[in-house]
Amino acid sequence: MKYNQNDVSLAIKQDRKAFENIYIDINNDLYKMALYMLGNSELAKEVVSDTVMDALVGICKLKSPERFEKWVLKILTNKCKRKIKDKYNKFNVYNPNSCESEAGENVSKDENIDHETKTDVQIALSKLNTKDRMIVSLCVVEGYKSSEVAEILSMNSSTVRSRLNRSLKKMREYLEVE
């Protein structure tokens, strides 16, 4: 995520304009992460909104501006976990028979051939459990190091690395079969 560290320092001191600048900088990144984890744009928007509200209220408690990114990602991942736990027991991240257009309506797979090239990876990602999907999203898609992901998800970094390797192997096996 890219944002201005000075804005974080000011936001900690309750500068609303600085927080607004941070929000503008990180909103799309938070949305992408939530979408990767939840697989539903409406739920992702809801979780991002809740995350931003919690961050706005709690930023004054943040002790170090350098920790802002990990702190806000921790809020986001916890909200995603709760959303999945509360709403879904058997949650499919991606429905291969439909996709969402930019306008939000469902479009059948046959009507969107270009989209078909992206679906295999999305389907492979949906085969993973929630925690592994988060690890893959944070490490591979967003480019975080295993130690950073471990801190965000409250795990050991070696556990993150082994789960990432197993998850990527599962995805690779699925993609090779297809």
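Since the structure is predicted, the reported quantities are computational estimates derived from the model, not experimental observations.
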> Can any side-chain N or O of Asn27 pair as donor or acceptor with the backbone N or O of Tyr23 at less than 3.5 Å?
Replying inline: no

>> If we ignore hydrogens and angles and just use 3.5 Å, is the side chain of Ser49 paired with the main-chain N or O of Lys45 as donor and acceptor?
In response: no

> Between Asp54 and Lys79, is there a side-chain N and carboxylate O pair less than 4.0 Å apart?
Replying inline: yes

> With side chains defined as the heavy atoms from C-beta onward, is the minimum distance between Lys81 and Asn78 less than 4.5 Å?
Replying inline: yes

>> Between Val72 and Ile22, is there a side-chain heavy-atom distance shorter than 4.5 Å?
In response: no

> Would you call Met53 and Asp50 a side-chain contact if the rule is heavy atoms closer than 4.5 Å?
Replying inline: no

>> With a 4.5 Å cut-off on side-chain heavy-atom distances among I, L, V, M, F, W and Y, is there a chain of contacts connecting Leu164 to Met37?
In response: yes

> Would Leu168 end up clustered with Leu125 when hydrophobic side chains under 4.5 Å apart are linked, directly or stepwise?
Replying inline: yes

> Below 4.5 Å, heavy atoms only, C-beta onward: do Asn4 and Asn21 meet side chain to side chain?
Replying inline: no

>> Hydrophobic cluster membership, with links at side-chain heavy-atom distances under 4.5 Å among I/L/V/M/F/W/Y: are Leu43 and Tyr31 in one?
In response: yes

>> If hydrophobic clusters are built by linking Ile, Leu, Val, Met, Phe, Trp and Tyr wherever their side-chain heavy atoms come under 4.5 Å apart, do Ile12 and Leu73 end up in the same one?
In response: yes

> Taking the side chain as C-beta and beyond, is there a heavy-atom pair between Arg161 and Ser158 under 4.5 Å?
Replying inline: yes

> Around atom NZ of Lys70, are there more than 12 heavy atoms of other residues, nucleotides or ligands at under 6.0 Å?
Replying inline: yes

> Do the non-hydrogen side-chain atoms of Leu138 and Met33 ever get within less than 4.5 Å of each other?
Replying inline: yes

> Does atom NZ of Lys127 have more than 12 heavy-atom neighbours from other groups under 6.0 Å away?
Replying inline: no

